[in-house]
Amino acid sequence: NEFRDNTAQAGGGLCAVFIGQKTVSFNLFVGNVARDTRGGAYFESSGNVIINNTFARNTAGPATSSCTGGGLYLRNFYDTSVTRNIFAENIGCGIVCGTAYSAIDYLNNLVWENTNEDFVGCESPPSVWLIADPQFCGANSGDFTVSSTSPALGPGGPMGAHTEPGCTLV
């Protein structure tokens, strides 16, 4: 699925509040705007599996001077897994983890050039976050597949919504 260029009060591309366990996988969230906080996607519930998604160029909040959850905002949750996602060039931070009621699994996520911070409140060792250019094929023309040399295709399995390269860098 692609969630592109949407605007909402919270969760510009997707807002899931207290609707039970869900798996969100292989989605592209790009250019979505949340007018308050809670950026491209907003989850306020538990038992989520957020795997192989790309969150790029989403915006949260009217101000860009704080971490308002540009790419993904998680709040009031437990038993959640955030694995093999790409958070790149979001305004208002890449991922913000609000109140969590138990340990959350973060594994093999790539973060790159998110405004203010890449990840905030996500209690995990920095080693589980790969900080590297995802090497999108043509982000300026709307192509968020990654090149064949992208670090997103590396250890821990492919990351992001597109797990096969879409271009070759020369």
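Going from atom SG of Cys97 over to atom OH of Tyr106 covers 3.0 Å, rounded to the nearest 0.5 Å. Between the OG atom of Ser150 and the CD atom of Gln135 there is a distance of 5.5 Å, given to the nearest 0.5 Å. Rounding to the nearest 0.5 Å places OH of Tyr73 at 12.0 Å from SG of Cys15. Note that OG of Ser81 is 7.5 Å distant from CG of Leu107, once rounded to the nearest 0.5 Å. Atom CG of Leu153 and atom CG of Leu110 lie 10.0 Å apart (nearest 0.5 Å). Atom CD in Glu89 sits 6.5 Å away from atom CD in Glu113 (nearest 0.5 Å).
Hydrophobic cluster membership for Val49: Ile51 (Ile, Leu, Val, Met, Phe, Trp, Tyr linked by side-chain heavy atoms under 4.5 Å, directly or transitively).
Contact record, Ala152 with Val146: CB-CG1, 4.4 Å, taken as the closest heavy-atom pair. The two residues Phe144 and Ala56 come nearest to each other via the heavy atoms CE2-CB, 3.6 Å. Contact record, Ala60 with Thr68: O-OG1, 2.7 Å, taken as the closest heavy-atom pair. For the pair Thr54 and Gly160, the tightest heavy-atom approach, listed with the atom from each and the gap, is OG1-CA, 3.3 Å. Summarising the geometry of Ala10 relative to Asp36, their closest heavy-atom pair is CA-OD1, 3.6 Å, with the distance given to 0.1 Å. The shortest heavy-atom contact between Phe29 and Ala41 is CE2-CB, 4.0 Å.
A side-chain donor-acceptor contact under 3.5 Å links Arg84 and Asn52. Looking at Thr145 and Asp143, their side chains do bring a donor and an acceptor atom within 3.5 Å of each other.
Remark: side-chain polar atoms of Arg4 are paired, donor with acceptor, to backbone N or O of Gly142 under 3.5 angstrom. Using modelled atom types, no side-chain atom of Asn109 and backbone atom of Trp129 make a donor-acceptor pair closer than 3.5 Å.
Under the rule for a side chain to side chain contact (heavy atoms under 4.5 Å, CB included), Ala8 has no partner lying at least two apart in sequence or in another chain.
Taking the side chain as every heavy atom from C-beta outward, Asn32 and Phe55 never approach each other to under 4.5 Å. Using a 4.5 Å heavy-atom cutoff, the side chains of Arg38 and Gln9 are not in contact. Ser147 places none of its side-chain heavy atoms less than 4.5 Å from the side chain of Pro165. A heavy-atom distance below 4.5 Å is found between the side chains of Val17 and Tyr42.
The side-chain contact (heavy atoms from CB on, under 4.5 Å) test with Ile95 is passed by exactly one of Asp118, Val82, Asn90, Asn85: Val82.
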Determine whether Ile50 and Leu72 satisfy the following criterion, side chain to side chain contact (heavy atoms under 4.5 Å, CB included), listing intermediate values before the conclusion.
CA-CA 10 Å; Ile50 301 168; Leu72 174 64; 4.2 Å; yes
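Listed by first then second residue, pairs satisfying side-chain hydrogen bond (donor to acceptor under 3.5 Å, both in side chains) with a partner in residues 12-28 read Asn1-Asn27, Lys22-Ser45, Lys22-Asn48, Asn27-Asn53, not counting sequence neighbours.
Follow the hydrophobic side-chain contacts under 4.5 Å out from Phe3 and you never reach Val33; the two are in separate clusters.
Residues Phe87 and Trp112 place their aromatic rings such that the two centres sit no closer than 6.0 Å.
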